[in-house]
Amino acid sequence: MKKGMIIIAGILFLSSVMLLSVHSQEDVTEVDRSVFTNPQRPAAVFKHDAHNQNAGIENCNECHHVYEDGKLLEDESSEDQRCADCHGPEADGNKPSLVKAFHVNCKGCHEKQQKAPILCGECHVR
Ligand code: HEC
Ligand code: HEC
Ligand code: HEC
Ligand code: HEC
């Protein structure tokens, strides 16, 4: 009995530590924009999980994609990387610059869906 209690207490303790230390996508409310050293617009709103749930997007790699030799790898996801890890300030071949990457990804889908924001001030909310 006692041993069981200790194990349960241990599991509870460990899971609370994990909850506190893991910064996950649930906490994302805007995109990391630290690379834009002199931003011209207010930060774009992006409440990660709520957004993706409302928009009904199921595949993580709809946004967190992986390419190999110019081909999209259907079953792979780069969710452990920032967009800025691959997209630099300037375009590089087929790879758009970071600003363009965001605008094409976000606005591109919004334009297709026709019920999501496409005006500057709707994403870059003051
Ligand atoms: C669908 C959402 C969306 C719309 C609409 C949108 N943007 Fe953005 N924009 C983003 C995201 C996401 C980023 C990258 C994260 C950030 O900077 O907040 C970004 C970044 C930028 C940046 C680089 C960072 C900065 O502030 O200097 C500029 C400039 C910018 N947008 C201008 C515009 C302008 C001008 C319009 C309207 C023509 C516009 N955006 C419309 C989502 C959007
Ligand atoms: C609509 C586009 C989109 C979809 C779909 C999406 N994400 Fe993201 N996610 C983003 C953007 C944008 C960021 C911020 C990236 C950055 O700052 O460069 C992000 C950030 C993250 C982060 C990093 C959080 C942090 O700050 O440490 C994780 C983890 C993550 N996403 C996981 C997921 C998982 C898992 C899924 C699928 C269930 C998913 N994402 C689906 C766009 C998306
Ligand atoms: C692991 C590296 C990597 C990461 C991380 C990454 N990209 Fe890309 N992305 C690429 C490469 C490589 C291409 C060029 C693909 C090709 O050859 O056509 C690309 C192309 C794009 C394109 C243009 C083609 C398309 O798919 O529409 C957009 C838009 C884009 N990325 C947005 C994003 C956004 C937004 C994020 C973050 C959520 C992101 N990327 C994260 C590597 C990456
Ligand atoms: C694959 C499609 C898709 C992509 C990619 C996408 N969105 Fe959306 N987004 C939607 C849809 C659909 C809605 C409308 C959902 C609804 O009806 O509530 C939406 C709604 C929104 C809204 C308004 C509602 C809310 O959640 O606040 C904002 C702001 C927004 N998106 C920002 C972004 C940004 C920033 C990005 C890029 C980082 C992005 N979206 C990428 C499909 C997408």
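As the structure lists them, so they are numbered: ligands from 1, and atoms in each ligand from 1.
When the heavy-atom distances from atom 18 (O) of ligand 2 to Ala44, Cys83, Ala101 are ranked, the shortest goes to Cys83. When the heavy atoms of Gln25, His64, Gln53 are ranked by distance to atom 20 (C) of ligand 2, first place goes to His64.
The side-chain heavy atoms of Val45 and Lys47, taken from C-beta on, include a pair separated by under 4.5 Å. In this structure, the side chains of Gln25 and Asp49 come closer than 4.5 Å at one or more pairs of heavy atoms.
When each atom of ligand 4 is checked for a heavy atom of Val45 under 4.0 Å away, the hits are 29 (C), 32 (C), 35 (C). Distances below 4.0 Å separate heavy atoms of Ala43 from the following atoms of ligand 1: 18 (O). Listed by number with element, the atoms of ligand 4 under 4.0 angstrom from any heavy atom of Pro117 are 20 (C), 21 (C), 22 (C), 23 (C), 28 (C). In summary, the atoms of ligand 2 found under 4.0 Å from a heavy atom of Cys63, numbered by their order in the structure, are 1 (C), 2 (C), 3 (C), 4 (C), 5 (C), 42 (C), 43 (C). Listed by number with element, the atoms of ligand 2 under 4.0 Å from a non-hydrogen atom of Val28 are 24 (C), 26 (O). Taking every heavy atom of Ala55 and a limit of under 4.0 angstrom, the matching atoms of ligand 4 come to 10 (C), 11 (C), 12 (C), 42 (C).
Heavy atoms of Asp32 found under 4.0 angstrom from ligand 2 belong to the backbone as well as the side chain. Using a 4.0 Å cut-off between heavy atoms, Ile118 contacts ligand 1 through its backbone alone, with no side-chain atom that close.
Nearest protein neighbour of atom 30 (C) of ligand 4, counting heavy atoms only, is His110 CE1, 3.3 Å.
Considering backbone and side-chain N/O of Gln113, none are found under 3.5 Å from N/O of ligand 4.
For His124, the nearest N, O or S atom to atom 8 (Fe) of ligand 1 falls under 2.8 Å. Because the distance cut-off is set at 2.8 Å, Cys106 fails to qualify as a neighbour of atom 8 (Fe) of ligand 4, as none of its N, O or S atoms comes that close. At a threshold of 2.8 Å, atom 8 (Fe) of ligand 1 has a backbone or side-chain N, O or S atom of His103 nearer than that distance.
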